[in-house]
Amino acid sequence: MSPDDILKALYDETLVGNGARVLELTHVGLDAGMSPETMLFDALIPSLEEVGARFERGDFFVPEMLIAGKAMSGALDVLRPLLADTGVETVGTFLMGTVKGDVHDIGKNLVNIMLEGAGFHVIDLGVQVAPEKFVAAIEEHKPDVVGFSAFLTTTMPMFKANINALEKAGLRDKVIVMVGGAPVTQEYADAVGADGYASDASAAVKRAKELIRKRRVAAV
Ligand code: B1M
C-alpha cells in the first residue's frame, strides 16, 4: 500500500468504526516509515471531524460515534509512546481532566500526549471529574497548571464551577488554569476567568509553556 492508500484507508475505517483494521493500518503505516503525526493529523482527526458532521446532519447516531471514537483511541494507544518519546526535560506538572458530566476523552488524551512529548509531567484525572476531585488533586500534586476539558456546550459551565471551587479552597492563585475542548472559545475562557485557552493540542503546549514562563518570571 502507498502512504496515500494507508491514509485513505485509515480515514475510511475510522469513519465506520472498524477498530481492528484501524489498528492494523496504524502498524502498516509505521512499518512503511510514516510519521505518527501524519497519520494523526491527515487521517484520524479529519475522520472524527466527519463523524461529528454526519452526527449533526442526522446521518450518524451515538453508536456510530462511539465505535469511531474507540477505533481512534486504539490507534492513539499505539501512537502515544512515539508521539510522547522526545526525551526532553520536565518543564512542569500539568493536571488534566474532562469536566463533570462529560465523557469525551480523545481530545484530552491527545493534549496529554503532546504535553508529555514536550516534557510535561502529566497527571490525568480522567473524565467526569467533579470540582472536589480537582481541588483534592491540586492539593496533593501541586501542579503548575490545571487543565479543564469540556466538549459539550452543556458542560462548559463546569469551568466556572471548578474555578469557584478553587477560589473557595484558597487555591486559585497557586495554579494556572487552562481550558479547552471543541466548543470552547477564547471569549468563553476569558468570561469564566481562566488564565489560558488553546484550540488544539499543539497550541495547548505552547500556551502552557508561555504561562509557566510568565509566572516564573513574575515570581523572581
Ligand atoms: Co460526542 N459530541 N456526544 N461523543 N462527539 C461531539 C463533541 C459533538 C460536537 C458532535 C456534533 O454534534 N457535531 C456534540 C457536541 C455538541 C455541543 O455541545 N456543541 C456531541 C454530542 C451532542 C454528544 C452527546 C450529547 C450525544 C448524545 O448522547 N445524544 C453525548 C454526550 C455524552 C457525555 O459526555 N455526557 C456524546 C457522546 C459521544 C461518544 C461517547 C459516543 C463519543 C466519545 C468517545 C470518547 O471521547 N471516548 C463521542 C464522539 C467520538 C464525538 C465526536 C464525533 C468526536 C470527538 C473527538 O474525539 N474529536 C465529536 C464531534 C467533533 O468533535 N467534531 C462529538 C477529535 C479530538 C481530537 O478533537 O475533542 O476537539 P477534540 O479535542 C481537541 C481540542 O478540542 C483541544 O485539543 C484537542 C486535540 O487537538 N482540546 C484542548 C481538548 N481539550 C483541551 C484542553 C485544553 C486545551 C485544548 O486545555 C486544558
Of all residues at least two apart in sequence or in a different chain, which pass the salt bridge (Lys or Arg N to Asp or Glu O under 4.0 Å) check with D102?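 Listed in chain order: nothing, the list is empty.
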Can you sort out the partners of D12 under salt bridge (Lys or Arg N to Asp or Glu O under 4.0 Å), two or more places apart, ordered by chain and number?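 D12: salt bridge (Lys or Arg N to Asp or Glu O under 4.0 Å) contacts with K8.
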Taking salt bridge (Lys or Arg N to Asp or Glu O under 4.0 Å) as the cut-off, I'd like each qualifying pair that reaches into residues 131-149, sequence neighbours left out, listed once.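 Residue pairs passing salt bridge (Lys or Arg N to Asp or Glu O under 4.0 Å), neighbours aside: D144-R216.
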What side-chain hydrogen bond (donor to acceptor under 3.5 Å, both in side chains) pairs are there with at least one residue in residues 156-170, not counting sequence neighbours?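 Of all non-adjacent pairs touching residues 156-170, none passes side-chain hydrogen bond (donor to acceptor under 3.5 Å, both in side chains).
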Selection residues 56-75 - residue pairs positive for side-chain hydrogen bond (donor to acceptor under 3.5 Å, both in side chains), sequence neighbours left out: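 Found R57-D59.
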Using the rule given for side chain to side chain contact (heavy atoms under 4.5 Å, CB included), can you reason through I176 versus K214, listing the C-alpha separation, both sets of side-chain angles and the distance that settles it, and then say yes or no? CA-CA 11 Å; I176 295 164; K214 257 198 205 162; over 6 Å; no
I'd like to check the side chain to side chain donor-acceptor pair (under 3.5 Å) partners of [X]; sequence neighbours left out, ordered by chain and number.
X	result
R54	E50
R172	D195
D5	S2

Donor-acceptor list for residues 33-43 side chains, cut-off 3.5 Å, not counting sequence neighbours:
unit_1 : atom_1 : unit_2 : atom_2 : d
S35    : OG     : T38    : N      : 3.0
S35    : OG     : T38    : OG1    : 2.7

Is it the case that atom CG in D173 sees more than 12 heavy atoms from other parts of the structure closer than 6.0 Å?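 Count not over threshold, so no.
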Is there a side-chain contact between [X] and [Y], using heavy atoms and a 4.5 Å cut-off?
X	Y	answer
M1	L25	yes
S149	M96	yes
K108	D124	yes
L44	V22	yes
M72	I45	yes
Y11	P46	yes

Mind checking who shares a hydrophobic cluster with L166, ILVMFWY linked at side-chain heavy-atom distances under 4.5 Å?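 L95, V99, I123, L125, V129, F134, V135, I138, V146, F148, M156, M158, F159, I163, L171, V175, V177, V179, V184, Y188, V192, Y197, all in the cluster of L166.
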In the hydrophobic clustering that connects Ile, Leu, Val, Met, Phe, Trp and Tyr at side-chain heavy-atom distances below 4.5 Å, which members other than V16 occupy its cluster, ordered by chain and number?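 Result for V16 is none, singleton.
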Identify, with sequence neighbours excluded, every residue that meets side chain to side chain contact (heavy atoms under 4.5 Å, CB included) alongside V103.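 V103 satisfies side chain to side chain contact (heavy atoms under 4.5 Å, CB included) with Q128 once adjacent residues are dropped.
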To the nearest 0.5 angstrom, please state how far the NZ atom of K206 sits from the CG atom of D200.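 So the NZ of K206 and the CG of D200 are separated by 10.5 Å.
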Report the distance from atom OG1 of T98 to atom CD1 of I106, rounding to the nearest 0.5 Å.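 Those atoms lie 10.5 Å apart.
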Audit row: L23, V78, side chain to side chain contact (heavy atoms under 4.5 Å, CB included) steps and yes/no: CA-CA 8 Å; L23 208 56; V78 175; 3.6 Å; yes
Main-chain N/O of A75 paired to T26 side chain as donor or acceptor, under 3.5 Å: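 Absent.
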Donor on one side chain, acceptor on other, D190 and Q186, under 3.5 Å: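 Side chains of D190 and Q186: pair found under 3.5 Å.
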E116 vs F94, test: side chain to side chain contact (heavy atoms under 4.5 Å, CB included). Steps then yes/no. CA-CA 9 Å; E116 281 167 9; F94 201 115; over 6 Å; no
Do NZ/NE/NH1/NH2 and the carboxylate oxygens of E210 and R213 come within less than 4.0 Å?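 Result for this pair is no, no salt bridge flagged.
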